[in-house]
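Note sheet for the following structure.
So you know, we letter chains A, B, ... as the sequences are listed, proteins then strands, and number each from 1.
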There are 2 protein chains.
Amino acid sequence: MNLKNLSIFANGSDRFFETLDKESQTSKHSKGKMLFLHEDDAQSFFLIKSGWVKLFRETLDGSQSVVDILSAGHIFGETAIFENDRYPYSAEVVEPAEIVSFPLSALKGEIRENNDFAFNMMSAMARYRRHQDRELEHRTIQNAPQRIGCFLLRLADQEQTGPVTIHLPYDKTLVASRLGMQPETFSRALSKLKAQTGIKIKGATIEMDSLNQLVEYSCAACSSEFPCKDLKAQA
Amino acid sequence: MNLKNLSIFANGSDRFFETLDKESQTSKHSKGKMLFLHEDDAQSFFLIKSGWVKLFRETLDGSQSVVDILSAGHIFGETAIFENDRYPYSAEVVEPAEIVSFPLSALKGEIRENNDFAFNMMSAMARYRRHQDRELEHRTIQNAPQRIGCFLLRLADQEQTGPVTIHLPYDKTLVASRLGMQPETFSRALSKLKAQTGIKIKGATIEMDSLNQLVEYSCAACSSEFPCKDLKAQA
DNA sequence: AATAAACATTGACTAAAGTCAATTCGAGAC
DNA sequence: GTCTCGAATTGACTTTAGTCAATGTTTATT
């Protein structure tokens, strides 16, 4: 994975990449490792080389809300720049991961000095905004089985017209929290989705004759068309 | 209202403000006026001088999801810059409003040419991200009465320690949709909130001896402390 | 002041999701 | 292969929110 090829870093200056190279630290972490806590003093932002990382917050009364669950190629912690250098969420490794850290100061400097880079980063922020908009919309409009259907569709190659196999990238309990439901609800909702669309489930593997079945079931309750445009833009 | 005083436009160049002045159009609209539709070709972004505007999307099966409801001093439609010049939502006036339109091109130009302005706009986007994060969190963790309590708290002056009076800024039906619930649910949830916190309700006016009652009821199910920091930052 | 239209509330019922407890399943340790 | 622990499922039940229909209330309009 080359930093320069990441869409978030497009338009970075040579000096920026030099600094990143020099000041980066790569480390491997196993499941459960806490990378930082909400409100921690922030010096670094992070890039996921492999594995999965959960971003979340906790409330006074003990419940947890999952902000996002990210995979290879995504960065996190970078928004601390705009939050008085404090992380706006906690970050935990949820599947064995290789993580690279970079100084926030380098990012801040590059934004200030390199206009194209800044514009590019704004595009990324706008894209994330759409992502969150969609989450909120789905939380409001879709029921549990529909949300799962949508989640599966977004894991798949949406160009595929024939039979499709999808693997859940992390524990079902985590998928449940990502979708804002209880594990029990997830389990029952997945059964219902199976009953209503004819998909086949074997542990973390889901098979179907065609994506169509899911599309009809889930995408009627979404304000965007299938296939999801935002997935292409990112690639 | 002076453009230069709006925090979103801080650091704008003189030339930028000249262009805005020259190319702006102000108009008054009554309730129900559609300003633009989701996916419309976008030429302008908008500033609310007075009144309220609802941003929303609709799904194939006819349900509506409210993205946000904005008041004086807020801009909208500006993110079309990053969406191939198409509006990412529909916009409708929900309380009689005075709206100023500006060419998106001017904004785009200023972002490209004025680094400080771009940085400032990124801060605004980051702030909005936190806003959405919170919405999603509350939708997951808080129940209907708690969400209403939180909504009321955010309408109030949170420094106040004595008796407080809050006026709902728009119809209860709209508040309901803003909070992601049905009007009937809103009505019942407000009664429950009244029963559990002792607030007094007269139509769109809500009174209480102190904000404390609401804080205890709602803020335990939130990952932020009371008072809400983000409200100060904006002022 | 009378009327209509939109908004708001209430009741009765249904549907969806959460909770708690009891098993069952399955991947890794030994 | 067997054991163990966490993950996943299932059942029974409760709570919460949505739906549909009826009825008040308010506000604007003539």
Measure the distance from CZ on A:R147 to C1' on C:dA17 and round it to the nearest whole Å. 10 Å
To the nearest angstrom, the CG-P distance between A:L174 and D:dA8 comes to 9 Å
Can you tell me how far the CG atom of B:L214 sits from the CG atom of B:L193, to the nearest 0.5 Å? 5.5 Å
Considering residues, nucleotides and ligands other than B:D157, do more than 12 of their heavy atoms fall under 6.0 Å from its CG? yes
Taking atom CD as the centre, does A:Q25 end up with more than 12 heavy-atom neighbours from other residues, nucleotides or ligands that are less than 6.0 angstrom away? no
From CD1 of B:I141 across to P of D:dT15 the rounded distance in Å is 21 Å
Send over the distance from B:I206 CD1 to C:dA8 P, rounded to a whole Å. 12 Å
In whole angstroms, the gap separating C1' of C:dT9 from NZ of B:K194 amounts to 12 Å
Is it true that atom CG of A:D61 has more than 12 heavy atoms of other residues, nucleotides or ligands lying nearer than 6.0 Å? yes
Winner on side-chain proximity to A:K172, out of D:dA8, C:dG18, D:dA17, is D:dA8
Crowding at NZ, A:K200 (>12 non-hydrogen neighbours, <6.0 Å): yes
Partner residues of B:K194 under the salt bridge (charged side-chain N to carboxylate O under 4.0 Å, His left out) criterion, sequence neighbours left out: none
Which nucleotide wins on minimum distance to the side chain of B:S187, given the candidates D:dT9, C:dT9, D:dA17? C:dT9
Which residues pass the salt bridge (charged side-chain N to carboxylate O under 4.0 Å, His left out) test with A:R188, not counting sequence neighbours? none
Where do N or O atoms of nucleotides 20-23 of chain D meet protein N or O atoms at under 3.5 Å, pair by pair?
from   : atom 1 : to     : atom 2 : distance (Å)
D:dC20 : N4     : B:E184 : OE2    : 3.2

Any B:T173 side-chain N or O less than 4.0 Å from OP1/OP2 of C:dA6: no
Distances under 3.5 Å only, N/O to N/O: pair up the protein atoms with those of nucleotides 24-30 of chain D.
none

Regarding A:A144, tell me which of base, sugar-phosphate or nothing describes its non-hydrogen contacts under 4.0 Å with the strands shown. sugar-phosphate
Going by side-chain contact (heavy atoms from CB on, under 4.5 Å), B:L136 matches just one of A:D133, A:V67, A:L136, A:V66. Which one? A:L136
OP1 or OP2 of C:dT9 less than 4.0 angstrom from a side-chain nitrogen or oxygen of B:S191, does that happen here? no
Identify every side-chain donor-acceptor pair in residues 32-46 of chain B under 3.5 Å, counting partners at least two apart or on other chains, and give the distances.
from  : atom 1 : to    : atom 2 : distance (Å)
B:D40 : OD2    : B:L37 : N      : 2.9
B:D41 : OD2    : B:Q43 : NE2    : 3.1

Interatomic distance, A:L190 CG vs D:dA7 C1' [rounded to whole Å]: 14 Å
So, is B:T185 near the phosphate of D:dA17, with a side-chain N or O under 4.0 Å from OP1 or OP2? no
Rounded to the Å, how far apart are B:F186 CZ and C:dA8 P? 8 Å
Position toward the 5' end of DNA chain D (nearest nucleotide), A:Y170 or B:A189: A:Y170
With a sphere of 6.0 Å drawn around CD of A:E225, does it hold more than 12 non-hydrogen atoms of other residues, nucleotides or ligands? no
Start with the C-alpha gap between A:Y128 and A:D68, add the side-chain angles, then the distance that decides, and say whether side-chain contact (heavy atoms from CB on, under 4.5 Å) holds. CA-CA 11 Å; A:Y128 192 78; A:D68 212 343; 3.1 Å; yes
Under-4.0 Å salt bridge between B:R130 and B:E137: no
How many whole angstroms separate atom CG of B:D171 from atom P of C:dT9? 11 Å
Between D:dA17, C:dC7, D:dA8, spot the one nearest the side chain of B:K31, thanks. C:dC7
Between the protein and nucleotides 24-30 of chain C, which nitrogen or oxygen pairs come in under 3.5 angstrom?
none

